[in-house]
Amino acid sequence: MTPSFWLSTLDPVTPRPPLPGDRSYDVAIAGGGYTGLWTAYYLSHLAPELSIVVLEASYCGFGASGRNGGWASGLFPVSEAKLARRYGPDRARAMHAGLADAVDEVGRVASAEGIDCHYAKGGTISLARSPAQLRRARKSAAFLERDAARAICNATDVLGGVYSPDCAALHPARLVRGLASAVENRGVDIFEGTRVLSLNRGTVVTDHGTVTAGTVVRALEGYTAQLPGHRRALAPVYSLMIATEPLPAADWERIGLARRETFTDERHMIIYGQRTADDRLAFGGRGAPYHFGSRIEPSYDQVPEVFDSLRHTLTDMFGIRPEIAYRWGGPLGIPRDWMPSVGLADGVAWAGGYVGDGVAAANLAGRTLADLITGAESSRTALPWVGHRSRRWEPEPLRWLGINAALRATNLRDALEKHPAPAR
């Protein structure tokens with residue numbers, strides 16, 4: 001695996017020891033990313049008498065939690081309107097309010113635990129840079145006219161934008177490392193280099209022994225498909241990123257992002273960026289192919305044509321040709337209906353399927369799982385994603401054909417919007 005920019009800026013990882021043989025705990029958590037660690041963190045506060053273990057195949061933050069774009073956002077992949085049709089307007093509003101609150105909660109815990117994750121709540125802006133994008137943006141109640149949008153992010157061809165205050169830029173690897181230390185300080189055991197081979201009610205089998213537990217938590221996100229019986233639960237789809245060398249002050253005076261607002265635009269193929277604390281542009285996007293059989297390999301983190309496209313997009317957006325210092329990627333978890341879920345049934349709990357918006361969502365999921373496991377009554381356990389089960393992805397080769405066809409179609413839609421066919 002090529003290390004992310006985020007990891008490259010920190011001291012080298014010192015792995016924790018693996019599971020030292022068969023053990024018994026009250027709660028066993030498979031996955032040492034945000035979801036697993038937040039669950040352990042809040043469980044240790046709600047029920048300090050519980051014995052809790054986190055089992056991680058590599059090291060905490062190896063997956064998406066240490067490689068993402070650093071957006072702690074209130075975004076949810078299912079629109080509030082669609083949630084309202086399915087669950088009613090009150091529950092739909094509660095879902096989005098819970099995510100907005102999670103943005104602040106991440107910052108609160110980081111401050112309380114002394115985690116210097118470069119948290120900056122500047123909000124996020126989605127720019128409209130073509131007539132078709134402008135038509136979509138104008139449908140939002142948070143629409144900004146051209147000058148107001150450019151005052152936040154002075155990209156090229158800006159016609160308007162949509163701004164939300166519910167987003168913070170942060171350093172994701174600093175957050176996940178600090179959270180792992182905070183969890184250990186609260187008495188939770190973390191074993192790294194311990195691959196989960198299977199999990200069922202009461203049992204987690206690993207390559208270093210078997211853990212028995214009253215409650216088992218699956219928190220593997222994009223790696224869920226590697227578990228027996230879960231191959232079609234979440235599709236691991238790759239997102240790739242680049243980070244520039246630090247940009248000069250003159251560039252930033254022109255570009256803006258003075259409050260470290262995160263940014264994207266209204267195209268269909270998702271892109272995402274932030275101004276880092278050391279004045280780089282960290283920028284990423286989808287577009288890498290889905291691999292047959294939900295395969296995950298280190299080599300898939302590197303797709304030169306996607307990196308070239310990301311650099312071209314930065315040049316197109318900001319009129320610069322920056323030196324690219326880092327290139328990396330990794331898989332995220334996509335449910336068939338794009339609906340994240342949290343739940344507990346028959347002694348097995350789960351959370352995930354964040355579709356790339358998991359930094360704040362995992363915090364809310366962790367608090368929700370802690371409530372479900374301890375039986376605590378809270379408004380979180382009534383949120384629409386609790387108990388939701390997405391239907392499984394199609395078997396291969398239909399899964400490979402469908403996902404990659406959708407990626408190509410999305411690219412084509414963006415190309416047609418940018419260069420529409422001439423009228424006859």
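- The two residues Ile271 and Thr264 have their closest heavy-atom pair at O-OG1, 2.6 Å.
- Within 6.0 Å of the CZ atom in Arg254, the count of heavy atoms belonging to other residues, nucleotides or ligands exceeds 12.
- If you check the side chains of Asp337 and His388, you find a donor sitting under 3.5 Å from an acceptor.
- With hydrogens and angles disregarded, no donor-acceptor distance shorter than 3.5 Å links the side chain of Arg195 to the backbone of Ala57.
- Relative to the ring axis of Trp393, Arg336 places its NZ or CZ within 45° and under 6.0 Å from the centre.
- Judged by the 6.0 Å distance and 45° axis criteria, Arg67 is positioned over the aromatic ring of Phe62.
- At least one donor-acceptor pair under 3.5 Å links the side chain of Thr315 to the backbone N or O of Ile320.
- Aromatic ring centres of Tyr354 and Tyr34: separated by at least 6.0 Å.
- A donor atom on one side chain and an acceptor atom on the other are found under 3.5 Å apart for Arg260 and Gln274.
- Atom CG of Leu369 and atom CG of Leu46 lie 11.5 Å apart (nearest 0.5 Å).
- Checking each of Ile152, Thr124, Leu127 against Tyr163 for a side-chain contact (heavy atoms from CB on, under 4.5 Å) leaves exactly one that passes, namely Ile152.
- At most 12 non-hydrogen atoms from other residues, nucleotides or ligands lie less than 6.0 angstrom from CD of Glu377.
- Closest approach of Ile190 and Ala180 over heavy atoms only: CD1-O, 3.6 Å.
- Of the possible polar contacts, none joining the Ser111 side chain to the Arg108 backbone as a donor-acceptor pair under 3.5 Å is found.
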